Amino acid sequence: MTTIVVEGLDFAGKSTVCELVRQRLEASGTRVVESTSCLSGGWVEKTVERVYEARRLPSLLRSAVYHAAYLADVHLARRAGPGEVIVQQSYIHRVLAYDRASGRRLLAAVADRLGTRVAGHVDLWVWLDCPLDERRRRYRRFGTPNERDERRFAAAADRFERELETELTQLARQSGYIFIDTASLGAETVADRIAALVQAHERVGTR
């Protein structure tokens with residue numbers, strides 16, 4: 001009965017690590033539910049996914065939809081059942097960091113309040129720590145070229161991306177995330193550590 005958030009900026013290794021964590025937990029008989037948007041599931045999750053995939057949506061509108069999804073989580077968030085683990089890739093702190101880095105003070109205030117209200121749904125918070133220069137190198141070496149990531153890792157976006165990284169790292173520290181250095185550790189090792197954290201929490205919960 002564990003809900004874990006695995007947070008990190010693009011190319012920090014979230015998708016790869018979460019897949020490996022899922023494999024490890026399922027091998028031990030645990031049912032794993034994965035999410036990449038919010039904990040509400042259903043139509044809320046589908047709406048967020050469609051907004052994320054939309055190429056030319058105004059950033060303010062995109063952000064407003066993300067905030068609405070976390071507002072839904074206050075009342076509709078799924079709870080992990082017996083023998084079940086929910087693995088959530090990214091959560092409200094990422095939205096809050098974007099608001100702060102973009103200077104959206106009103107939305108940042110909303111996200112800050114939502115963060116406090118939805119935090120109780122989460123049992124474990126993990127931050128995949130990987131600096132911008134390493135993430136940019138990974139994209140250039142392994143990523144599939146696309147318009148969104150080209151803009152994100154272009155030299156012109158360097159100032160904003162560093163500000164975003166600073167904001168989200170600071171939020172992770174303030175919010176009690178467990179830091180794991182994915183710049184120096186391989187994905188298999190990182191997944192082993194996260195799976196061990198979940199299993200330890202599960203053992204405590206069954207006592």
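Owing to the predicted nature of the structure, the values given are computational and were not obtained by experimental measurement.
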Can you list, by chain and residue number, the hydrophobic cluster partners of Trp43 when the side-chain cut-off is 4.5 Å? Val44
In this structure, OG1 of Thr30 is separated from CZ of Arg24 (nearest 0.5 Å) by 13.5 Å
At what distance, to the nearest 0.5 angstrom, does CH2 of Trp127 lie from CD1 of Ile178? 14.5 Å
Apply ring pair (Phe, Tyr, Trp, His ring centres under 6.0 Å) to Tyr139 and list each qualifying residue two or more places apart in sequence or on a separate chain. Phe11, Phe153
Are the side chain of Ser28 and the backbone N or O of Leu25 linked by a donor-acceptor pair below 3.5 Å? yes
Are Arg50 and Glu53 close enough for a salt bridge, meaning some N to O gap below 4.0 Å? no
Is the backbone of Leu185 close enough, under 3.5 Å, to the side chain of Thr189 for a donor and an acceptor to pair up by distance? no
If we count only N and O atoms by modelled type, under 3.5 Å, do the side chains of Thr182 and Asp129 hold a donor and an acceptor together? no
Is Leu60 isolated, or which residues cluster with it under the ILVMFWY side-chain rule of less than 4.5 Å, directly or via members? Leu107
Please round to the nearest 0.5 Å and tell me the distance separating atom CD of Glu167 and atom CZ of Arg94. 14.0 Å
Regarding Glu49 and Lys46, does a basic nitrogen lie under 4.0 Å from an acidic carboxylate oxygen? no
Salt bridge between Glu188 and Arg193, side-chain N to carboxylate O under 4.0 Å? no
Can we say Asp158 and Arg136 salt-bridge, meaning some charged N sits less than 4.0 Å from an Asp/Glu carboxylate O? yes
Modelled atom types, side-chain donor and acceptor of His121 and Thr3, under 3.5 Å: no
